[in-house]
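Some notes on the structure that comes next.
Start at 1 and go down the list; that is how both ligands and their atoms are numbered. These numbers were taken from a predicted model, which means no experiment stands behind them.
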Amino acid sequence: MKNKKILIIAISIVLIVIGISGWLLVKKEYKDMSYNEFIKNINQSSIDEVRIIDDNILYVRLKDNKITYKVPNPLKDGFKEYLLLKDIKVTLGNTSPIQKSFQTIGVGLVLIGILWFVRKGSSDNKQVIVDANKRNVNNNSVVKFSNVAGNNEAKELVKDIIDFIKTPDKYSELGARMPRGVLLYGPPGTGKTLMAKAVAGEANVPFYAVSGSDFIQMYVGVGASRIRKLFNKAKKSEKAVIFIDEIDAIGKVRAGKASASNDERDQTLNALLTEMSGFNDNEGIVVIAATNRIDTLDPALLRPGRFDRQIEIGLPDYNARKAILSLHAKNKPLHDSIKIDDIAKDTVYFSGAMLENLMNEAAIITANNNEKAISKKHIDKAFYTVIAGAEKKDRSNITDIDRKITAYHEAGHALMTKLLLPDNIISKVTIIPSTRGAGGFSMSIPKDRMYQSKKDIISNIKVLLAGRVAEEIIFGLDGVTTGATNDIEKASNLIKDYVVKYGMDNDFGIFNSESANINDSTIIKQCRNEIKKAYGSTKEILEKNKDFLDSIADMLMEKETITNDDIDSIYA
Ligand code: ADP
Ligand code: ZN
């Protein structure tokens with residue numbers, strides 16, 4: 001391939017050289033001759049040929065020497081006949097026949113040379129397209145799991161999807177219905193698109209992407225037909241990943257009133273749902289959609305057979321940020337003074353995209369300063385560029401005090417779980433906000449039991465209240481926040497069932513108040529009393545264990561996400 005290219009270039013150059021030298025060969029030196037001398041030469045019959053090119057000059061060749069002379073044109077009527085009568089060859093126009101033929105050859109050769117070049121160019125282009133197509137078929141998405149840092153849980157959750165794309169028969173033979181659709185949800189810039197590409201890359205299949213926002217403001221029917229075209233294209237590749245970014249734009253919960261744009265959205269959405277239910281189970285086509293707003297999605301999209309696997313892609317915690325920063329620092333020379341750990345610490349609530357942006361901006365600033373390695377001051381400068389460019393709704397400007405509040409709140413839940421429900425496994429405590437809830441969250445897996453005892457229910461209520469209690473212990477009665485909203489709602493429901501349904505309240509006794517018409521205020525009073533009691537007891541317990549509370553909160557502020565083992569290491 002490369003040799004052929006060189007050969008073609010060489011041939012073209014040779015042709016052009018031949019052409020030009022041919023041209024130069026006939027292009028002779030001219031000497032001036034006066035009109036008088038010219039007449040003398042005519043009279044001596046020593047002139048062989050006269051060329052009349054324009055009104056100014058005659059080109060004159062003598063019989064005995066090969067030099068061409070330039071003679072002023074007398075512009076006389078009958079001049080040509082006069083010359084012809086003297087047996088002189090007369091040509092009109094600019095070249096002699098020999099010169100003309102030489103020039104024709106020269107020009108021709110140059111043209112052929114140019115043609116070679118052009119053809120070479122276009123055939124090269126063709127090659128590129130073919131190559132690209134080949135790449136499409138063999139390895140469309142070159143993104144691999146190794147390009148996605150962090151997001152380990154999400155990676156785990158898409159592994160079998162990749163396996164399914166590769167060997168759908170393995171699943172269909174067992175009657176397993178793999179999800180046709182996977183919904184990735186989470187804040188912008190957290191790597192949802194990247195993850196979808198990595199699925200295609202790992203499965204080694206083509207990646208077809210559209211964005212829901214492309215479909216807004218289209219004429220009715222256009223969106224639907226584009227969806228069908230997209231799926232047809234994907235089906236032609238047999239196996240593929242279809243990616244729909246910003247699916248909320250077409251899959252928003254239907255707003256009551258029908259309007260033209262709603263009609264269009266419905267048609268697009270219906271086309272999508274129809275196409276998705278149109279695959280056979282053993283086809284290796286998977287649709288991956290992404291959204292920042294799972295709460296606004298039409299529930300029709302989330303039903304079985306549609307986007308029934310929903311995976312949260314959250315903001316990276318400290319360790320994930322370290323991994324993402326390292327990945328994007330790989331090809332960038334860092335000054336020895338730079339520690340990735342420190343940058344990771346300073347970038348709480350940054351998304352993956354912001355971290356990538358940070359490293360890139362730092363590299364640009366370094367290059368602008370004509371320096372060879374990225375140093376701390378470049379990172380600091382880039383930091384402000386990234387923060388300033390970030391959207392308001394980003395959490396990157398969450399204050400330290402808010403982090404501290406969240407840390408104590410979550411530490412309260414975690415510690416109380418440890419103390420009251422030691423059989424529960426705390427899988428994750430984090431101060432990184434999730435898209436589904438506010439602030440941070442703690443996740444604990446209760447021991448699998450058929451029944452819940454009275455003690456368990458009260459313990460659960462205390463665990464729920466522990467967030468608010470911890471806030472009160474640290475920040476005072478006036479310092480508590482709205483962060484406990486959800487906890488209070490859950491605790492209230494639990495206590496209501498405790499009193500009203502389960503017949504567990506000693507004072508209230510065994511009686512389902514929903515069966516009779518008992519005064520509401522009595523129930524409310526009873527529930528409030530119980531909650532108050534639970535709150536007081538929780539406060540007592542947490543105050544007694546304040547050292548642990550502090551340690552867990554500190555660890556949370558440092559690491560942002562901690563596990564059961566981390567808490568055990570403090571507690572031991
Ligand atoms: P989303 O689709 O969630 O809005 P993208 O996938 O478009 O986010 O991410 C934008 C860019 O941010 C990626 O191309 C990548 O450079 C960087 N990025 C985001 N998350 C990660 C991650 N987990 N690992 C590595 N790079 C990431
Ligand atoms: Zn809470």
Side-chain angles (χ1 to χ4, degrees), residues 141-155 183-201 207 209 211-213 243-248 288-294 311-317 319-331 347 350-360 386 391 394 405-417 429-431 433-435 437-444 460-472 480-491 538:
S141 172
V142 288
V143 177
K144 290 276 157 72
F145 266 174
S146 55
N147 299 102
V148 186
N151 287 339
N152 293 329
E153 287 141 14
K155 277 188 198 169
L183 180 71
L184 305 175
Y185 67 95
T190 44
K192 296 181 290 294
T193 310
L194 194 67
M195 181 67 83
K197 282 185 184 160
V199 170
F207 180 77
S211 173
S213 59
F243 179 64
I244 305 173
D245 203 2
E246 299 179 65
I247 185 136
D248 40 291
I288 301 182
T291 180
N292 314 329
R293 314 255 354 238
I294 194 175
I311 301 174
E312 173 164 17
I313 311 265
L315 287 173
D317 63 13
N319 280 319
R321 289 200 303 275
K322 240 166 59 177
I324 295 172
L325 284 165
S326 307
L327 190 76
H328 291 291
K330 239 190 217 157
N331 57 352
T347 46
F350 270 49
S351 67
M354 285 169 79
L355 294 170
E356 191 273 336
N357 200 219
L358 175 73
M359 294 313 289
N360 190 46
V386 174
E391 286 176 66
D394 267 325
I405 291 169
T406 314
Y408 269 99
H409 179 110
E410 298 306 332
H413 287 310
L415 179 56
M416 211 55 185
T417 309
V429 185
T430 179
I431 59 171
S434 106
T435 21
F441 61 99
S442 30
M443 227 160 58
S444 79
N460 275 319
I461 290 172
K462 288 178 180 169
V463 166
L464 284 167
L465 296 175
R468 165 60 69 84
V469 171
E471 289 184 33
E472 192 199 313
V480 298
T481 70
T482 50
T485 314
N486 259 321
D487 301 334
I488 294 172
E489 187 186 332
K490 280 189 201 146
T538 305

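Among protein heavy atoms, the minimum distance from atom 2 (O) of ligand 1 is reached at Thr193 OG1, 2.5 Å. Nearest protein neighbour of atom 18 (N) of ligand 1, counting heavy atoms only, is Gly352 C, 3.7 Å. The single protein non-hydrogen atom nearest to atom 22 (C) of ligand 1 is Ala149 O, 3.5 Å, given as residue, atom name and distance. Looking only at protein heavy atoms, the nearest one to atom 12 (O) of ligand 1 is Ala353 CA, 3.1 Å.
Residue-level check: among N/O/S atoms of His409, NE2 sits closest to the Zn ion (ligand 2). For the Zn ion (ligand 2), the nearest N, O or S atom contributed by His413 is named NE2.
Checked against a 3.5 angstrom limit, the closest N/O atoms of His328 and ligand 1 fall inside it. In terms of N/O distances under 3.5 Å, ligand 1 is not approached by Glu356. For ligand 1, the polar-atom distance check finds no N/O of Pro187 at less than 3.5 Å from any of the ligand's N/O atoms.
For the salt bridge (Lys or Arg N to Asp or Glu O under 4.0 Å) test, residues two or more places apart in sequence or in another chain that qualify with Glu153 are Lys428.
Between the side chain of Arg321 and the backbone N or O of Thr347, at least one donor-acceptor pair lies under 3.5 Å. Looking at His413, its side chain never comes within 3.5 Å of a backbone N or O of Ala466 through a donor-acceptor pair. Formation of a donor-acceptor pair under 3.5 Å by the Lys192 side chain with backbone atoms of Gly186 is found in this model. Not a single donor-acceptor pair under 3.5 Å links the side chain of Glu356 to the backbone N or O of His328.
Contact annotation: for Ile324 versus ligand 1, heavy atoms closer than 4.0 Å belong to the side chain alone.
A distance of 5.0 Å separates CD1 in Ile294 from CG in Leu183, rounded to the nearest 0.5 Å.
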Item to complete: Would you sort out whether Leu465 and Asp487 count as a side-chain contact (heavy atoms from CB on, under 4.5 Å), showing the intermediate values?
Response: CA-CA 7 Å; Leu465 296 175; Asp487 301 334; over 6 Å; no
Worksheet entry | Criterion side-chain contact (heavy atoms from CB on, under 4.5 Å) on Ile405 and Glu471, from CA distance to verdict | CA-CA 7 Å; Ile405 291 169; Glu471 289 184 33; 4.1 Å; yes
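Residue Asp487: an N/O/S atom is found under 2.8 Å from the Zn ion (ligand 2).
Checked against Ile288 for a side-chain contact (heavy atoms from CB on, under 4.5 Å), the options Val199, Thr193, Ile311, Asp245 give a single hit: Val199.
Of all atoms in ligand 1, numbered sequentially from 1 with element shown, those under 4.0 Å from a heavy atom of Gly191 are 1 (P), 3 (O), 5 (P), 6 (O), 8 (O), 9 (O), 19 (C), 20 (N). Interface of Leu194 with ligand 1, defined as ligand atoms under 4.0 Å from a residue heavy atom, comprises 6 (O), 21 (C), 22 (C), 24 (N), 25 (C), 26 (N), 27 (C). Applying the 4.0 Å criterion to heavy atoms of Asn151 picks out, from ligand 1, the atoms 23 (N). Near Leu327, meaning under 4.0 Å from one of its heavy atoms, ligand 1 places the atoms 25 (C).
Put simply, part of Asn147 is less than 4.0 Å from ligand 1, judged by heavy atoms. Residue contact annotation: Met195 has no non-hydrogen atom under 4.0 Å from ligand 1. At least one heavy atom of Gly189 sits closer than 4.0 Å to an atom of ligand 1.
With contacts defined as side-chain heavy-atom distances shorter than 4.5 Å, the pair Leu325/Met359 qualifies.
Between Gly314 and Asn151, the shortest heavy-atom contact is O-OD1, 4.1 Å.
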